[in-house]
Amino acid sequence: MSVSASPITITLPDGSTKGFDGPVTAGDVAASIGAGLAKAAIAAKVNGRVVDLTHRIDSDAEVAIITAKSPESLEVLRHSCTHLMAQAIKRLRKDAMLEDGPPTDEGFWYDIRTVPPLTPEDFPAIEKEMEAIAKENLAIERRVLSRGEAKQLFTERKEKYKLDLIDRIPEGDTISAYAQGEFIDLCRGPHVPSTGIFKAFKLTAVAGAYWKGDANNEQLTRVKGTAFHSRKELDEYLARIEEAKKRDHRKLGRELELFMHHDWAPGETIWLPKGHIMYNILGTMMSDLCREEGYVEVFTPMLFKADLFKTSGHWSHYRDNMFVVPGQETKQLTEGEVQSRIALIEREAGNLLSKNEYDALKEKVTAKATNAEKLAQWTTNDRISTKFWNVFERGGVVYELHESGNEVFALKAMNCPCHMLIFRDQKRSYRELPLRIHDQGVLHRNEASGTLSGLTRVRQFCQDDAHIFLSNEMIEGEITKLISMISRVYKLFGMEFAKVFLSTRPADFLGAKETWDVAEASLENAIKANKLEYQVNAGDGAFYGPKIDFIVRDCLGREWQTATVQLDYQLPARFQLNFINRDNHPEMPVVVHRAIFGSFERFMAILIEHYGGNFPTWLAPVQVRILTISEKFEDYANDLFRELSENGVRVEKDFSAEKIGAKIREGRNARIPYLLTVGEKETATASVSVRSQTEGELGSQQFLEFLARINGEKTARF
RNA sequence: GCCGGAAUAGCUCAGCUGGCAGAGCACCUGAUUUGUAAUCAGGCGGUCGUCGGUUCAAAUCCGUCUUCCGGCACCA
């Protein structure tokens, strides 16, 4: 069908123009520039929008051809690759129903329902089929459908999730599908021109994912994979994953004996001697910094009556995440009560114990005389005493623990409520503001079991937590001070801010809109004044106030959310705080919640992975190890050990009967910053042979020279 | 919490369709006295995560619980 049309002009990225008689496709433009480009073309950018090569251009436009070299190409490739995977899966599993399959920063995924669910064991077959489809070199075609056509098409194909997606496409939007061979998928695109383009892809994982991201819905299988333009890039990516795995803090934490976990303390960390040294170093340095910056440090209870949290609002907003501890009292049971407990236990024991165990226990019990003795006998079995933990026998009397009246306690999940009490403890003057209260106390949060992970998500942790009480006009200055404090800390670790997020008023905000506007403006001004790159997360603030989150980037380029600064108008109101202002009137302070490390646990994880276990000398749990060539040099080595210890250096000895090569290897694997080898030569000349973990073999030097060096490195401050 | 996977010596892991539980490293002992990433030999070490079931017989098959891993949902 020929349509008479006016000529159009295409402007290319280099500024040159090309004229066409009428409408052309992006692919035509590529072909007109050169056959090589046409072949390399993956997609195109028309007036800044990424489109298919078949996209029809019918008026003047700026066009750039996207090839493997263009930054936009990877997303298109991965988006198309998820279709390739879906097609392969549909060929292998006739019942597969597709939901959504987007590209991600790392690759792509597709949420799919199959019975039984797909597992990694299915990967080889799926990948093989994907390769086969790539070989078939099927053309990928875009089809624009009416809503009715789309519904009919996906009804025929029994894709119920797709029908739901169609319903969620706003009226007036174009509905499109992409076909390749027998496969057709609802998709907005754009996509690569054909399946022949896929050369390097790999399926990486399966995981559960709720339909439409809602925990009330059924779960689909999320099949994850990644794709690159070349095998080489894919291999590099896989190597990077391997490197990250080697640095995994859970693995290094065990290897370097920093911490451990145990089944009996899920989500809680057992800090081993070496990890504890590091934890303390960070804690002390942070305390020192805060003191320097005008903070006072406090130490507050872990367990509070629920009244505190009722006042703060945590009881209604956060109770499901708190460990609630009922107040208890012990009551002596009457003979009749004891009898009824025994009857209950006996009945339950039948379910709890195997028949043999039950019979054996029962036999012992009946031989006994008093009820108290019977109960004591029954509860010698751990499974029974666990189930009936609150009933026990002491000195021939049976007691029962039970909840007492209104006495309900909870382990604190945050420090702020208690800090409100501290503020309120005295009449406060404007002269005291900003009052900065710092607390490194232990917090407990009852995180859902499935969220726990190494040190990054735990149930017991410490924050470098502080609350700053100030007046409205002090906000901007204080935030600026905080930003420089935060920068100072991260600089020491050689970590850059990737970005900061400013989260603003959410839908369910508390307080007055005007107050929020002022608060948000104060935060934004402070960010701008400090020339930080930032992004606004509109509506993502806490219900009590807006916040700034700091994202840092580690040496592998990974991003971590660490520091946070939050404004709060709610707590001061709930605790009815005030200070006496210049005009001798009570005025309500604003509270700033802030943390720099975030939690010490999580921050340790970040540091372990950032340094790959090769900590700077000041942070290393062991800074120096002395290795002897043979036992003849132990006296000299002991002299060095004493001298270093007296200088506050964390030093240890390796006097084992191993050869020096083995000792070096062990010292290297333990990531000790300095290994000092001493033998005949060193003993004779009061020197040491130094090997640095980061710089390698440094040769011999006078011990005093090394001592000066290590003294210069052994401590640090923010 | 939900979906999926896993749990075997201190660590890393092998152990096939049920039939006597293994290796390397670590640890201990002995020999070696050593010069910059693993000296040799011998030895110790296990209720196969838990509880229950099937079976003549269970690390192995089935169920329960616990914990961990990958995600999801959550994340004051």
Side-chain angles (χ1 to χ4, degrees), chain A residues 109 111 113 116-121 204-224 248 250-251 254-255 257 260-267 309 312-314 317-322 351-357 382-383 412-417 443 445-454 456-457 463 465 541-545 547 561 564 566 568 570-571 593 595 599 602 627-634 655-670 675-682 689-691 696-700:
Chain A
W109 48 257
D111 283 350
R113 188 194 138 90
L118 293 162
T119 74
E121 284 170 24
T204 51
V206 290
Y210 294 107
W211 183 37
K212 292 198 262 188
D214 185 336
N216 298 313
N217 287 340
E218 62 187 302
Q219 279 200 317
L220 308 169
T221 306
R222 177 164 296 180
V223 187
K224 304 177 77 173
D248 189 314
R250 293 167 296 194
K251 180 173 143 74
R254 168 175 289 136
E255 284 173 9
E257 295 172 14
M260 58 176 271
H261 290 104
H262 194 275
D263 279 8
W264 294 346
F309 307 114
S312 69
H314 291 105
H317 276 97
Y318 200 64
R319 193 175 13 161
D320 52 336
N321 263 306
M322 293 176 77
N351 303 325
L352 246 36
L353 308 179
S354 70
K355 194 168 182 316
N356 288 345
E357 271 180 305
D382 284 342
R383 253 167 295 147
K412 70 176 168 192
M414 55 283 298
N415 294 305
C416 31
L443 305 177
R445 294 184 186 174
N446 191 9
E447 304 285 0
S449 58
T451 65
L452 303 177
S453 178
T456 54
R457 195 81 181 265
Q463 288 180 325
D465 195 11
F543 68 88
Y544 52 74
K547 62 173 181 176
Q561 201 254 296
T564 177
Q566 311 184 358
D568 188 345
Q570 289 310 306
L571 278 180
H593 303 248
S599 91
R602 220 171 92 81
L627 320 177
T628 46
I629 293 293
S630 85
E631 60 191 17
K632 284 180 285 200
F633 313 109
E634 285 180 13
F655 288 1
S656 63
E658 291 294 336
K659 291 170 44 167
I660 195 66
K663 296 193 196 188
I664 293 283
R665 185 182 137 85
E666 278 170 26
R668 296 279 298 164
N669 288 342
L675 301 177
L676 303 185
T677 301
V678 295
E680 186 154 14
K681 200 172 69 194
E682 289 77 14
S689 172
V690 182
R691 183 186 254 277
E697 177 66 35
L698 298 180
S700 278

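Per chain, numbering begins at 1; letters A, B, ... match sequence-line order.
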Using the [atom1] atom as the reference point in each nucleotide, state the distance between [N] and [M] in Å, no decimals.
{"N": "G5(B)", "M": "U64(B)", "atom1": "P", "result": "13 Å"}
{"N": "A57(B)", "M": "A21(B)", "atom1": "P", "result": "16 Å"}
{"N": "C28(B)", "M": "A9(B)", "atom1": "C1'", "result": "15 Å"}
{"N": "G10(B)", "M": "C56(B)", "atom1": "P", "result": "34 Å"}

When you check the phosphate oxygens OP1 and OP2 of [N], does a side-chain N or O of [X] lie under 4.0 Å from one of them?
{"X": "Arg250(A)", "N": "G70(B)", "value": "yes"}
{"X": "Arg445(A)", "N": "C75(B)", "value": "no"}
{"X": "Lys632(A)", "N": "U34(B)", "value": "yes"}
{"X": "Arg254(A)", "N": "U12(B)", "value": "yes"}
{"X": "Arg222(A)", "N": "G4(B)", "value": "no"}

Candidate nucleotides [options], ranked by approach to the side chain of [X] - the nearest:
{"X": "Ala207(A)", "options": "C74(B), G70(B), A38(B)", "result": "G70(B)"}
{"X": "Val206(A)", "options": "G4(B), U36(B), A38(B)", "result": "G4(B)"}
{"X": "Lys659(A)", "options": "C68(B), U34(B), G71(B)", "result": "U34(B)"}
{"X": "Leu452(A)", "options": "G70(B), C68(B), A37(B)", "result": "C68(B)"}
{"X": "Ile660(A)", "options": "A37(B), C68(B), G35(B)", "result": "G35(B)"}
{"X": "Arg665(A)", "options": "U34(B), A37(B), G71(B)", "result": "A37(B)"}

Identify whether any heavy atom of [X] sits under 4.0 Å from a base atom; if not, whether one sits that close to sugar-phosphate; answer base, sugar-phosphate or nothing.
{"X": "Gln463(A)", "result": "nothing"}
{"X": "Tyr210(A)", "result": "base"}
{"X": "Glu255(A)", "result": "nothing"}
{"X": "Ala542(A)", "result": "nothing"}
{"X": "Gly213(A)", "result": "sugar-phosphate"}
{"X": "Asn669(A)", "result": "base"}
{"X": "Gly699(A)", "result": "nothing"}
{"X": "Leu627(A)", "result": "nothing"}
{"X": "Gly679(A)", "result": "base"}
{"X": "His317(A)", "result": "base"}
{"X": "Glu680(A)", "result": "base"}

Discussion item. How about CD on Glu680(A), more than 12 heavy atoms from neighbouring residues, nucleotides or ligands closer than 6.0 Å, or not?
Written reply: no

Fill in: Whether Glu666(A) side chain and Lys663(A) backbone form a donor-acceptor pair below 3.5 Å
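Pair absent, no side-chain N/O of Glu666(A) close to backbone of Lys663(A).
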
Discussion item. Rounding to an integer number of Å, can you tell me how far Leu118(A) CG sits from G4(B) C1'?
Written reply: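 These atoms are roughly 11 Å apart.
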
Worksheet item: Within this structure, what is the CD-to-P distance between Glu631(A) and U39(B), rounded to whole angstrom?
Response: 17 Å

Worksheet item: What do the steps show when you test Lys212(A) against Asp214(A) for salt bridge (charged side-chain N to carboxylate O under 4.0 Å, His left out), and what is the final call?
Response: CA-CA 5 Å; Lys212(A) 292 198 262 188; Asp214(A) 185 336; over 6 Å; no

Discussion item. Within this structure, what is the CD-CG distance for the pair Glu682(A) and Leu676(A), rounded to the nearest 0.5 Å?
Written reply: 9.5 Å

